Protein chains: 2
Amino acid sequence: MTVTTATRPMRADARRNRESILAAARELFAESRPDVQIDDVARVAGVGVGTVYRHFPDKQALMGELVRERFVLFNERMRTAVEEGEGEPFEALAQALRDNAASVAGDAATRFAMMSGGERVFEYVGEEKEEFLRLARRLVLRARRSGELNPRFQATDIPMVMCGVCATIDKGGWDWRRHLDLVIEGMRAEPPAPPAG
Amino acid sequence: MTVTTATRPMRADARRNRESILAAARELFAESRPDVQIDDVARVAGVGVGTVYRHFPDKQALMGELVRERFVLFNERMRTAVEEGEGEPFEALAQALRDNAASVAGDAATRFAMMSGGERVFEYVGEEKEEFLRLARRLVLRARRSGELNPRFQATDIPMVMCGVCATIDKGGWDWRRHLDLVIEGMRAEPPAPPAG
DNA sequence: ACCTGAACACCGTTCAAGT
DNA sequence: ACCTGAACACCGTTCAAGT
């Protein structure tokens, strides 16, 4: 007897509208710098404002869905790292971070949603965030056992550093790859002390 | 013949008002989570809204001044590191970063202004930002010469990593000290290759 | 020279009426 | 069951009138 949120299938037009709204949001959030208005999202999606609010209780929920979908991609990448990184556990972890960072770097809409959407945005990503952490724990544990990962590094540090790198992606002309590489260097275990003498 | 922005002294009541407004802004930005209204700033400062706008062209300018004042403190700390860190250049740099991060960590108002104020906020901090970079360059150069700093680390990486750490200060229950320590480990030069054999 | 606050503009959100 | 868009509420900003 499992408890599932009973989501009966949507009417076809409603489903289409929902997709149009998300597509419009992605387009507008990605392009416009100052801020995006729900009226514009509705217009570009070809629906009334009320329809946007029928699908998403408020603006943050709409942003939250963009973030949630990005997390689904993060998790796919993390799963690949778990499955295929057996041989080089540290490098598998590092490369998953690089790929996920590149993934946000290429998605201005989600970045905007994550950064300026406030905490509430992540309320809509609960399940995916948990799955992310489960996968992170597996990657971290394995890399730690291989001795290449700094033993003080924790799985929860992964979203932390991702957030840090992400925050610097479109500011100050900085180079996020350089930032991430720096962090990855910090994640490496210190090499064993040289043989005495 | 130097060009200075001719700022004639303000009338005493105007100066007092300006200070009240900044104090009110600091108080409100630090406390209220969702967002702060200019009307509230004016009320707490005991002035009319128009007075706020007479002193600060818009909300971002007000936030910008909070950030600017924090940068003045950053720079004081950086100068101390330059002057007193001769003996241990890497540690001097690292400790300046730790102290400045602690400084923002204890100032929710500025943090809020930096994070949610958008790029425009930093337009009001130009001079202090340049001075910060000058000091950063001196610290980095010296630490690099000592051989303790990763030679690929640049002065402009300092605001970048500060921004990254800062972005994670009041989210997700993360530990910013841990985050910064990780980055500092990444900044360290790799130890010389062990003697062949 | 500076202050005030009512009025305006803008944009997130609601809801009565429609299919 | 879902859609529409005019109306409302909220808040940043302006400006005519005041000292």
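Values below: all heavy atoms of this structure, side chains included; hydrogens, waters and symmetry mates excluded. Note that the structure is a prediction, hence the values are computed from the model and not measured.
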Engineer: Tracing side-chain links under 4.5 Å among I, L, V, M, F, W and Y, which residues wind up in one group with L141(B)?
Structural biologist: none

Engineer: Begin from the C-alpha positions of F90(B) and I184(B) and carry the test side-chain contact (heavy atoms from CB on, under 4.5 Å) through to its verdict.
Structural biologist: CA-CA 10 Å; F90(B) 184 90; I184(B) 290 174; 4.0 Å; yes

Engineer: For R15(B) and dC3(C), what is the distance between atoms CZ and P respectively, to the nearest whole Å?
Structural biologist: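 Rounding to the nearest Å, CZ of R15(B) and P of dC3(C) are 12 Å apart.
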
Engineer: What residues from residues 112-125 of chain A pass a heavy-atom cutoff of under 4.0 Å to DNA chain D?
Structural biologist: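 Contacts with DNA chain D under 4.0 Å: none.
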
Engineer: Show me the donor-acceptor pairs, under 3.5 Å and distance only, between side chains in residues 37-53 of chain A and residues at least two apart or in other chains.
Structural biologist:
unit_1	atom_1	unit_2	atom_2	d
D40(A)	OD1	R43(A)	NH2	2.9

Engineer: Figure out the CZ/C1' separation between R54(A) and dG5(D), and round it to whole Å.
Structural biologist: 15 Å

Engineer: Given atom CE of M10(B) and atom P of dC2(C), what is their separation to the nearest angstrom?
Structural biologist: 7 Å

Engineer: Tell me, which pairs form a side chain to side chain donor-acceptor pair (under 3.5 Å) where one or both residues lie in residues 178-188 of chain B, sequence neighbours left out?
Structural biologist: D157(A)-R178(B), R98(B)-D181(B), T168(B)-H179(B), E185(B)-R188(B)

Engineer: Please encode protein proximity along nucleotides 7-18 of chain D as a string of B, S and -, counting only heavy-atom distances under 4.0 Å.
Structural biologist: ----SSBBB---

Engineer: Please map the stems of DNA chain D, keeping only stretches of three or more Watson-Crick or G-U wobble pairs with both distances under 3.5 angstrom.
Structural biologist: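 Stem segments, range with range: C:4-8 with D:12-16, C:12-16 with D:4-8.
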
Engineer: Rounded to the nearest angstrom, tell me the gap between atom CZ in R16(A) and atom C1' in dA1(D).
Structural biologist: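 Atom CZ in R16(A) sits about 14 Å away from atom C1' in dA1(D).
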
Engineer: Could you go through residues 70-82 of chain A and list every donor-acceptor pair under 3.5 Å that involves a side-chain atom there, pairing it with any protein atom two or more places apart or in another chain?
Structural biologist:
unit_1	atom_1	unit_2	atom_2	d
R70(A)	NE	D107(A)	OD2	3.0
R70(A)	NH1	S103(A)	OG	2.6
R70(A)	NH2	D107(A)	OD2	2.8
N75(A)	ND2	E128(A)	O	3.2
R77(A)	NE	D99(A)	OD2	2.7
R77(A)	NH2	D99(A)	OD2	2.7
R79(A)	NH1	E131(A)	OE2	2.8
T80(A)	OG1	E76(A)	O	3.0

Engineer: Mind checking what makes side chain to side chain contact (heavy atoms under 4.5 Å, CB included) contact with A189(A), not counting sequence neighbours?
Structural biologist: none

Engineer: Taking atom CZ of R134(B) as the centre, report whether more than 12 heavy atoms of other residues, nucleotides or ligands fall under 6.0 Å from it.
Structural biologist: yes

Engineer: Return the 5'-most residue of the pair R11(B), G48(B) with respect to DNA chain C, ranking by each residue's nearest nucleotide.
Structural biologist: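 It is R11(B) whose nearest nucleotide is closer to the 5' end.
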
Engineer: Suppose we screen for salt bridge (charged side-chain N to carboxylate O under 4.0 Å, His left out). Which residues come up paired with D170(A), at least two apart in sequence or across chains?
Structural biologist: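 Salt bridge (charged side-chain N to carboxylate O under 4.0 Å, His left out) check on D170(A) returns R111(A).
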
Engineer: Taking only residues two or more places apart in sequence, or in another chain, which ones meet E65(A) in a side chain to side chain contact (heavy atoms under 4.5 Å, CB included)?
Structural biologist: R18(A), L22(A), F56(A), R68(A), E69(A)

Engineer: Would you please name every residue forming a ring-ring contact (aromatic ring centres under 6.0 Å, His included) with F122(B), sequence neighbours left out?
Structural biologist: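 Testing F122(B) for ring-ring contact (aromatic ring centres under 6.0 Å, His included), a comparison that skips the adjacent residues, returns none.
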
Engineer: If I take atom CG in residue N17(B) and atom P in nucleotide dA1(C), what distance separates them, rounded to the nearest angstrom?
Structural biologist: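 One finds 17 Å between P of dA1(C) and CG of N17(B), rounded.
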
Engineer: By salt bridge (charged side-chain N to carboxylate O under 4.0 Å, His left out), which residues pair with R145(B), not counting sequence neighbours?
Structural biologist: none

Engineer: Is H55(A) close enough to dC2(D) that one of its side-chain N or O atoms is under 4.0 Å from OP1 or OP2 there?
Structural biologist: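 Negative; the distance criterion is not met.
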
